[in-house]
2 protein chains.
Amino acid sequence: MDDDRLSEVFAALADPIRRDMVARLADGDAGVSELAAPYDVSLQAVSKHLKVLEEAGLVTRRREAQRRPVHLEAEVFDLMTKWIERYRQRAEERFQRLDAVLERMQQAQRPTRKEDAS
Amino acid sequence: MDDDRLSEVFAALADPIRRDMVARLADGDAGVSELAAPYDVSLQAVSKHLKVLEEAGLVTRRREAQRRPVHLEAEVFDLMTKWIERYRQRAEERFQRLDAVLERMQQAQRPTRKEDAS
DNA sequence: GGAATGGTCAACCACTTGGTTGAGAAAACT
DNA sequence: AGTTTTCTCAACCAAGTGGTTGACCATTCC
């Protein structure tokens with residue numbers, strides 16, 4: 001499947017700085033030094049982070065005079081959401097089946113008890 | 001915020017083996033060697049992977065005779081989903097506002113377009 | 001053309017990661 | 001008490017990650 005891509009995306013978002021950059025890019029495109037400003041690291045480090053995000057498909061970069069504005073690509077988020085939702089739902093279904101079983105067990109037990117202490 | 005936790009969770013899911021284990025655990029709890037079976041790595045390696053998942057809060061382990069069944073904790077998924085949805089939505093809203101602006105620009109331009117030729 | 005602005009490339013370094021093997025702990029089964 | 005089953009801990013290793021500094025490229029401004 002798109003297993004590699006998914007690995008790259010998760011890995012990219014595992015870093016707090018990269019996650020924060022994504023968060024800020026959700027409000028609009030930004031240049032590299034603009035993005036770098038809040039963090040206490042070199043511009044080169046930020047450039048590397050952006051490369052990681054780009055290779056994961058989370059952002060794209062264009063040229064605009066000397067600047068290289070960074071743009072967030074929201075579609076990749078869907079890949080994650082799909083993966084997550086798939087397994088969350090399965091886990092929850094299972095949980096609810098278990099819940100139902102427990103409830104049935106309780107109901108089966110209730111008659112044998114005189115007074116339920118709830 | 002729960003920034004560290006989020007970093008751990010994303011990092012945990014950045015590995016294909018760990019992601020596959022989570023996928024399988026969505027269908028029900030499993031022991032370590034049972035989980036290890038499909039992969040071409042040592043049992044110890046799998047044990048390490050499970051430690052990573054556990055520290056990220058994605059799974060819990062209990063004792064059951066010699067076995068240590070692993071259980072998927074679905075709640076942590078919500079943390080990710082929330083983060084993702086937050087920024088995806090913001091990015092999409094922005095996209096739609098931009099779309100609206102472009103449309104307005106086009107409409108504003110149409111009447112003046114009599115002798116354009118520039 | 002030369003300087004200023006904005007960013008990347010390359011080499012290096014400390015630390016982490018995912019894997020290995022070997023030893024050993026914990027519970028159940030004779 | 002000894003063996004088997006199931007799993008973890010410890011030490012080690014190669015490769016990867018996030019950071020640094022220094023050199024350099026591309027574009028605009030004077």
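Below, read A as the first sequence line, B as the second, and so on, with proteins coming before strands; counting in each chain starts at 1.
Distance Leu13(B) CG to dG18(C) P: 12 Å, rounded to the nearest Å. The CD-C1' distance, from Glu64(A) to dG7(C), rounds to 14 Å in whole Å. Between Tyr39(B) atom OH and dG18(C) atom P the separation is 14 Å, expressed in whole Å. Atom C1' of nucleotide dT20(C) and atom NE2 of His49(B) are separated by 12 Å, given to the nearest angstrom. In this structure, Asp40(B) atom CG and dG19(C) atom C1' are separated by 12 Å, rounded to whole Å. Atom-to-atom, CZ of Arg19(B) to C1' of dG18(C) comes out at 15 Å; the value is rounded to the nearest Å. Atom CE in Met21(B) sits roughly 11 Å away from atom P in dG18(C) (whole-Å rounding). At whole-Å resolution of the value, CZ in Arg62(A) and C1' in dG7(C) are 15 Å apart.
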Scan nucleotides 2-15 of chain D nucleotide by nucleotide, 5' to 3', and note B when protein non-hydrogen atoms come under 4.0 Å of the base, S if they reach only the sugar-phosphate, - if neither. ---BSBBB-B----

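Ring orientation note: the planes of Phe10(A) and Trp83(A) are nearly perpendicular, at an angle over 60° on the 30°/60° scale.
The nearest pair of heavy atoms linking Leu53(B) to Ala12(B) is CD2-CB, 4.0 Å. Nearest approach of Asp78(B) to Arg88(A), heavy atoms of both residues: OD1-CD, 3.4 Å. Nearest heavy atoms, Leu50(B) versus Val59(B): O-CG2, 4.1 Å.
The pair Glu54(B)-Lys51(B) does not count as a salt bridge, with every side-chain nitrogen at least 4.0 angstrom from each carboxylate oxygen. Ionic pairing of Glu64(A) and Arg62(A) is present here: one or more N-O contacts between side-chain nitrogen and carboxylate oxygen are shorter than 4.0 angstrom.
An OP1 or OP2 oxygen of dG19(C) is reached within less than 4.0 angstrom by no side-chain nitrogen or oxygen of Ser42(B).
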